[in-house]
There are 2 protein chains.
Amino acid sequence: MVITIDGSSADPIYLQLRGQIISAIASGELSPGDPLPSVRSLASDLGINLHTVNKAYAVLRDEGYLIMRGRAGAVVADRGLASVRRAHEEQGERMVETLRRLALAHRARGGSYEEFMTEAAAAADDAFAQDEGAAPRGEEN
Amino acid sequence: MVITIDGSSADPIYLQLRGQIISAIASGELSPGDPLPSVRSLASDLGINLHTVNKAYAVLRDEGYLIMRGRAGAVVADRGLASVRRAHEEQGERMVETLRRLALAHRARGGSYEEFMTEAAAAADDAFAQDEGAAPRGEEN
DNA sequence: GTGTATTTGTTCGTATGTATT
DNA sequence: TAATACATACGAACAAATACA
């Protein structure tokens with residue numbers, strides 16, 4: 001699980017962290033139950049403040065991607081939990097709303113229905129490209 | 001062109017304005033060349049500050065949806081203009097990036113490829129539902 | 001034509017809250 | 001918790017164009 005921080009990016013650090021952790025979960029590099037580094041160690045590794053890592057973890061918890069157990073550390077959430085399901089549903093609704101806005105803006109630019117769907121398919125292809133079963137216990141991707 | 005402001009919304013006023021104007025352009029209710037209300041009159045109608053309207057217009061200009069000609073007022077941008085094309089291309093790249101992030105998060109939640117594409121199609125259906133030819137002066141493309 | 005009032009977007013400053021670290 | 005920066009919304013005043021008596 002290699003994480004890199006771009007200090008010159010427009011995105012705040014905690015969102016960069018969030019994105020890369022989500023990406024790792026999506027690809028299967030991190031599976032439900034897997035532990036994450038402590039906020040202190042990760043902050044130290046990346047050379048950033050522990051508050052920043054903590055914020056990223058907290059956001060991921062609110063969105064249903066992580067479970068935070070205080071001193072016991074953070075782990076990737078099990079999707080069976082009711083609270084996690086609820087959070088994921090909320091995220092799903094956000095996604096729908098965002099898709100709607102994207103499609104509207106696309107049309108306002110003169111784009112076509114087919115163009116939009118082509119781009120959506122490309123994004124999905126990209127996100128689902130890395131095979132889930134390939135990295136059971138591996139590192140380095 | 002009915003615009004409504006929700007003061008209790010989480011979205012800032014100028015973004016609510018932006019969204020509704022984009023929606024009007026997408027549906028063909030507003031066509032390239034059509035004039036928009038002056039910032040003062042629209043602000044007065046909505047009971048908000050002229051700066052807030054001006055900000056909405058300014059971001060829409062930056063994104064290539066409007067042309068602002070100072071005192072001559074703002075009009076819906078003609079998509080043939082080079083500067084507009086450039087802005088729209090940039091918006092398109094943003095859309096692709098957002099789609100990628102949405103798809104990744106969707107998969108991290110345990111969602112499937114097909115689910116994502118179904119939601120994307122629903123959003124596109126929604127955005128392209130209102131037929132362009134029904135508007136008083138709709139054409140182009 | 002001249003002077004005045006009106007309308008336009010812009011400039012500058014301010015208050016308040018939120019975000020980020 | 002606190003510091004610092006940024007975002008949001010507003011108000012007063014400005015300069016230029018327009019309308020009109």
Side-chain angles (χ1 to χ4, degrees), chain A residues 3-22 36-63 65-66 68 70-71 74 90-91 94 97-98 101 105, chain B residues 1 3-22 30 33-78 81 83-84 87 90-91 94 97-98 101 105:
Chain A
I3 292 184
T4 57
I5 296 302
D6 176 9
S8 66
S9 167
D11 291 337
I13 298 172
Y14 80 96
L15 286 185
Q16 295 182 43
L17 260 174
R18 169 186 171 269
Q20 295 185 49
I21 292 171
I22 286 179
L36 276 79
S38 74
V39 291
R40 278 192 160 77
S41 66
L42 183 52
S44 171
D45 286 353
L46 300 174
I48 60 181
N49 195 289
L50 78 162
H51 292 308
T52 306
V53 176
N54 192 57
K55 168 110 184 184
Y57 281 12
V59 169
L60 288 164
R61 161 177 47 75
D62 292 344
E63 294 173 342
Y65 297 107
L66 298 185
M68 293 181 75
R71 299 181 48 77
E90 200 174 313
Q91 288 304 110
R94 278 177 187 279
E97 182 57 29
T98 302
R101 284 205 266 238
Chain B
M1 172 86 185
I3 293 184
T4 57
I5 295 301
D6 176 9
S8 67
S9 167
D11 290 337
I13 298 173
Y14 81 96
L15 285 186
Q16 294 183 44
L17 261 175
R18 180 190 93 114
Q20 295 185 49
I21 293 172
I22 287 180
L30 286 176
D34 285 357
L36 276 80
S38 75
V39 292
R40 273 192 159 82
S41 66
L42 184 51
S44 172
D45 286 355
L46 299 175
I48 61 180
N49 195 280
L50 77 164
H51 289 109
T52 307
V53 176
N54 194 53
K55 167 115 185 181
Y57 282 12
V59 309
L60 286 165
R61 159 177 48 75
D62 292 344
E63 294 173 342
Y65 297 108
L66 298 185
I67 303 288
M68 292 181 76
R69 312 146 149 183
R71 297 183 38 79
V75 298
V76 178
D78 184 327
L81 297 176
S83 62
V84 169
E90 202 175 311
Q91 287 304 111
R94 279 177 187 279
E97 182 58 29
T98 302
R101 284 203 269 238

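When reading the values below, keep in mind they use all heavy atoms of this one structure, side chains included, and skip hydrogens, waters and symmetry mates.
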I'd like a table of atom pairs between the protein and nucleotides 5-7 of chain C - only N or O on both sides, under 3.5 Å - with the distance next to each one.
| unit_1 | atom_1 | unit_2 | atom_2 | d |
| --- | --- | --- | --- | --- |
| C:dT7 | O2 | B:Arg71 | NH1 | 3.3 |

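- In this structure, B:Leu36 atom CG and C:dT8 atom C1' are separated by 15 Å, rounded to whole Å.
- Between the CD1 atom of A:Ile5 and the P atom of C:dT20 there is a distance of 14 Å, rounded to whole Å.
- Closest of all the heavy-atom pairs between B:Leu66 and B:Leu36 is CD2-CD1, 3.8 Å.
- Contact detail for B:Leu17 and B:Ala56: the closest heavy-atom pair is CB-CB, 3.8 Å.
- A donor-acceptor pair under 3.5 Å is absent between the side-chain atoms of A:Glu63 and the main chain of A:Gln91, judged by distance alone.
- A straight line from CG of A:Asp11 to C1' of C:dA19 spans 14 Å, rounded to a whole angstrom.
- Ranking C:dT21, D:dT8, D:dA9 by closeness to the B:Thr52 side chain, first place goes to D:dA9.
- A salt bridge links A:Arg101 to B:Asp11: one of the charged nitrogens lies within less than 4.0 Å of a carboxylate oxygen.
- Following rounding to the nearest Å, B:Asn54 (CG) and D:dC10 (P) show an atom-to-atom distance of 13 Å.
- Per the geometry, OH belonging to B:Tyr57 stands 11 Å off P belonging to C:dT8, to the nearest Å.
- Atom CG of A:Leu46 and atom CD1 of A:Ile13 lie 9.0 Å apart (nearest 0.5 Å).
- To the nearest angstrom, P of C:dA19 lies 13 Å from CG of A:Asp62.
- Taking atom NZ on B:Lys55 and atom P on D:dT8, their separation rounds to 5 Å, with Å as the unit.
- Atom CG of B:Leu42 is separated from atom OG1 of B:Thr52 by 10.5 Å, given to the nearest 0.5 angstrom.
- When the side-chain nitrogen and oxygen atoms of A:Tyr14 are compared with OP1 and OP2 of C:dT20, one or more of them lie within a distance under 4.0 Å.
- Residue B:Ile22 comes nearest to A:Ala105 through the heavy atom pair CG2-CA, 3.7 Å, listed as atom of the first residue, atom of the second, then distance.
- With rounding to whole Å, B:Gln16 atom CD is found 13 Å from D:dA9 atom C1'.
- For the segment residues 43-51 of chain A, no residue has any heavy atom less than 4.0 angstrom from an atom of DNA chain D.
- A pairwise comparison of heavy atoms in A:Gln16 and A:Thr4 identifies OE1-O, 4.3 Å as the closest pair.
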*Begin with the C-alpha distance, continue with both residues' side-chain angles, and end with the deciding distance and a verdict on side chain to side chain contact (heavy atoms under 4.5 Å, CB included) for A:Tyr65 and A:Ile21.*
CA-CA 9 Å; A:Tyr65 297 107; A:Ile21 292 171; over 6 Å; no
